[in-house]
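Since the structure comes first, as structure tokens, the remarks are kept for the end.
Proteins get letters first, then strands, A, B, ... in listed order; numbering begins at 1 in each.
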Number of protein chains: 2
Amino acid sequence: MPRPRSLTEAQIAAAALAVIDRDGLGGLTMRAVAKEIGVSTMALYRYVEDREHLESLVVDHMLAAVDVTPPAAPTWRERAMALCERARAAIDAHPAAVPLTLVHRHTAPNAMRFAEALLGVLAEAGFTGERRAIALRALLGQLFGSLALMRLGPLGGPGTAALAALPDEEFPLLADTARHARPITPDEEFRRGLELVLRGMSPG
Amino acid sequence: MPRPRSLTEAQIAAAALAVIDRDGLGGLTMRAVAKEIGVSTMALYRYVEDREHLESLVVDHMLAAVDVTPPAAPTWRERAMALCERARAAIDAHPAAVPLTLVHRHTAPNAMRFAEALLGVLAEAGFTGERRAIALRALLGQLFGSLALMRLGPLGGPGTAALAALPDEEFPLLADTARHARPITPDEEFRRGLELVLRGMSPG
DNA sequence: ACCTGAACACCGTTCAAGT
DNA sequence: ACCTGAACACCGTTCAAGT
């Protein structure tokens with residue numbers, strides 16, 4: 001009599017994410033995830049190929065939380081922005097996991113689901129062919145790049161404060177820019193950066 | 001009689017980069033770097049705090065190769081583009097090391113040197129205050145985000161080819177877009193993405 | 001001061017054994 | 001079939017000892 005599988009991929013991904021949220025990315029080990037679920041380390045290998053696969057499950061699980069129904073907004077730029085903000089919210093809910101999204105973005109089915117939705121907005125706006133491909137990549141680049149930058153230190157954070165205290169002789173512009181950047185919130189930074197990209201894009 | 005230091009940071013960084021280029025990021029270990037130099041593993045700890053510090057040296061070493069003298073081009077957008085293309089060339093010369101640049105960008109002095117140069121172009125173009133801060137971050141986000149995306153698979157690569165073969169019913173736009181993206185070279189992808197960002201920016 | 005090798009506490013993963 | 005614990009080949013880093 002075959003024993004039924006006792007774990008699901010979602011369960012494993014959720015446990016891994018809990019470990020990351022609690023102990024950081026450095027705390028993510030096969031042993032830790034197994035313990036979190038309450039199973040032997042080797043039991044995990046019944047469900048995932050290796051550690052890479054486990055990480056991929058985590059990324060897919062995070063992106064599963066992104067609602068990809070077409071946003072109702074008057075302009076295509078606002079609709080694209082709304083989609084990207086949903087993705088940012090879902091990813092930023094687990095800041096320590098951000099680096100994983102950059103490495104495993106291509107193996108997660110839910111990443112494709114998101115890309116398809118974003119392409120829907122672009123297609124409706126009149127983007128076709130190569131132009132649409134470039135537009136998608138630029139948006140994804142800004143989305144993930146901006147998330148990575150903000151995880152290292154948002155404009156309004158301590159890193160920027162340190163830059164503001166830099167010797168004016170060597171980095172005058174960096175110091176001055178850092179001082180002006182102090183009051184910018186991560187939300188604002190994300191929005192305004194993406195707005196630049198969207199403003200530079202046109203379907204024709 | 002105190003023995004003189006036998007290693008330099010540049011030498012260590014170069015050895016680490018050689019290891020990465022040869023064996024990938026997974027091959028980067030303290031033991032491998034020490035062996036590459038021809039010294040005991042523990043000798044490295046005379047020069048670097050820990051593995052994190054070693055990685056930071058690698059990133060700084062890669063960015064040291066970026067020429068930050070102001071490019072001579074008619075428009076500020078072309079000058080900004082030229083600077084970013086120099087950075088891309090330096091980083092892309094070591095594709096396996098790209099993920100490190102995302103994690104250690106903030107601790108590398110040469111990253112600040114590059115940011116200062118880019119701010120020089122923006123300042124000359126009339127960007128000031130918050131606007132300049134946002135513009136810098138958007139450019140850096142696109143630069144690093146785009147590099148990360150291209151490392152996973154350029155638009156013209158096998159990943160895109162796989163997407164093009166996707167079932168049309170589930171991902172019609174993704175499949176179609178992937179087909180049109182096939183002939184786009186990494187160079188073109190990088191340039192055109194960054195152009196979108198630059199086009200969307202204005203100093204006033 | 002600088003360098004070394006052994007040792008410690010991990011890690012991912014293989015393997016043989018249990019139900 | 002599914003799960004387990006011991007074992008293997010690593011890893012970063014501490015420490016005591018050598019010159």
Side-chain angles (χ1 to χ4, degrees), chain A residues 1-61 96-97 99-100 102-104 107-108, chain B residues 1-61 96-97 99-100 102-104 107-108:
Chain A
M1 215 58 167
R3 256 211 260 183
R5 309 197 120 214
S6 67
L7 305 179
T8 65
E9 291 196 339
Q11 192 181 357
I12 293 172
L17 209 41
V19 170
I20 295 172
D21 288 341
R22 187 185 346 108
D23 305 323
L25 203 47
L28 181 67
T29 67
M30 302 302 276
R31 284 168 171 87
V33 174
K35 193 175 198 180
E36 180 81 17
I37 303 176
V39 82
S40 87
T41 303
M42 291 318 298
L44 284 182
Y45 285 87
R46 290 268 125 208
Y47 302 89
V48 300
E49 199 88 15
D50 50 22
R51 193 207 149 101
E52 283 258 304
H53 184 195
L54 174 71
E55 291 180 355
S56 176
L57 283 185
V58 171
V59 172
D60 199 51
H61 190 252
L100 292 186
L102 275 150
V103 183
H104 295 282
T107 54
Chain B
M1 235 313 251
R3 257 211 258 181
R5 308 197 122 213
S6 66
L7 304 180
T8 65
E9 292 197 340
Q11 192 182 357
I12 294 171
L17 209 41
V19 170
I20 295 173
D21 287 342
R22 188 184 347 106
D23 305 324
L25 203 46
L28 180 68
T29 68
M30 302 302 278
R31 284 168 171 87
V33 174
K35 193 176 197 178
E36 180 80 18
I37 304 176
V39 82
S40 87
T41 303
M42 292 318 298
L44 283 183
Y45 284 87
R46 291 267 124 210
Y47 302 88
V48 301
E49 199 87 16
D50 51 21
R51 194 207 147 104
E52 283 259 303
H53 184 197
L54 174 72
E55 290 180 355
S56 175
L57 284 185
V58 171
V59 173
D60 199 52
H61 190 252
L100 293 185
L102 274 151
V103 182
H104 295 282
T107 54

A/L44 atom CG is separated from C/dT13 atom P, nearest whole Å, by 11 Å
Ignoring hydrogens, what is the shortest heavy-atom contact between A/V19 and A/G27? Give both atom names and the distance. CG1-O, 3.4 Å
Okay, side chain of B/Y45, backbone of B/D50: is any donor-acceptor separation there less than 3.5 Å? no
C/dC3, OP1 or OP2 - any side-chain N/O from B/R46 closer than 4.0 Å? no
May I ask you to test the A/Y47-A/H53 pair for a side-chain heavy-atom distance under 4.5 Å? no
Rounded to whole angstroms, how far apart are CE on B/M30 and P on C/dA9? 20 Å
Quick one: are A/V103 and B/P99 in side-chain contact, heavy atoms under 4.5 Å? no
For DNA chain C, the dot-bracket notation using Watson-Crick and G-U wobble pairs below 3.5 Å, [ ] for pseudoknot-type crossings and | for other-strand pairs, is ||.|||||...|||||.||
Write down the distance between CZ (B/R31) and P (C/dC10), rounded to a whole number of angstrom. 16 Å
Spacing of A/D23 atom CG relative to C/dC11 atom P, expressed in whole Å: 11 Å
For C/dT13 and A/Y45 - does any side-chain N or O of the residue sit under 4.0 Å from the phosphate oxygens OP1/OP2? yes
Crowding at CD, A/Q11 (>12 non-hydrogen neighbours, <6.0 Å): yes
Rounded to whole Å, the CZ-P distance (B/R51 to D/dT13) equals 8 Å
Within the 4.5 Å heavy-atom criterion, are B/M30 and B/V48 side-chain neighbours or not? yes
From the candidates C/dT4, C/dG12, D/dG12, the one with an atom nearest any side-chain atom of B/S40 is C/dT4
Over how many whole Å does the gap from A/I37 atom CD1 to D/dC3 atom C1' extend? 13 Å
With a cut-off of less than 4.0 Å, is there a side-chain N or O of B/Y47 near OP1 or OP2 of C/dC2? no
Think A/S6 has a side-chain N or O under 4.0 angstrom from the OP1 or OP2 of D/dC3? yes
Of the candidates C/dC11, D/dT4, D/dG12, the side chain of A/T29 sits closest to C/dC11
Whole-Å distance between D/dC3 P and A/R5 CZ? 8 Å
In whole angstrom, give the distance that lies between atom CG of A/D50 and atom P of D/dA9. 20 Å
Contact class for B/M42 vs. all strands (heavy atom < 4.0 Å): base, sugar-phosphate, or nothing? base
Taking all heavy atoms of B/A34 and all of B/T41, pick out the closest pair and write down the distance. CB-CA, 3.5 Å
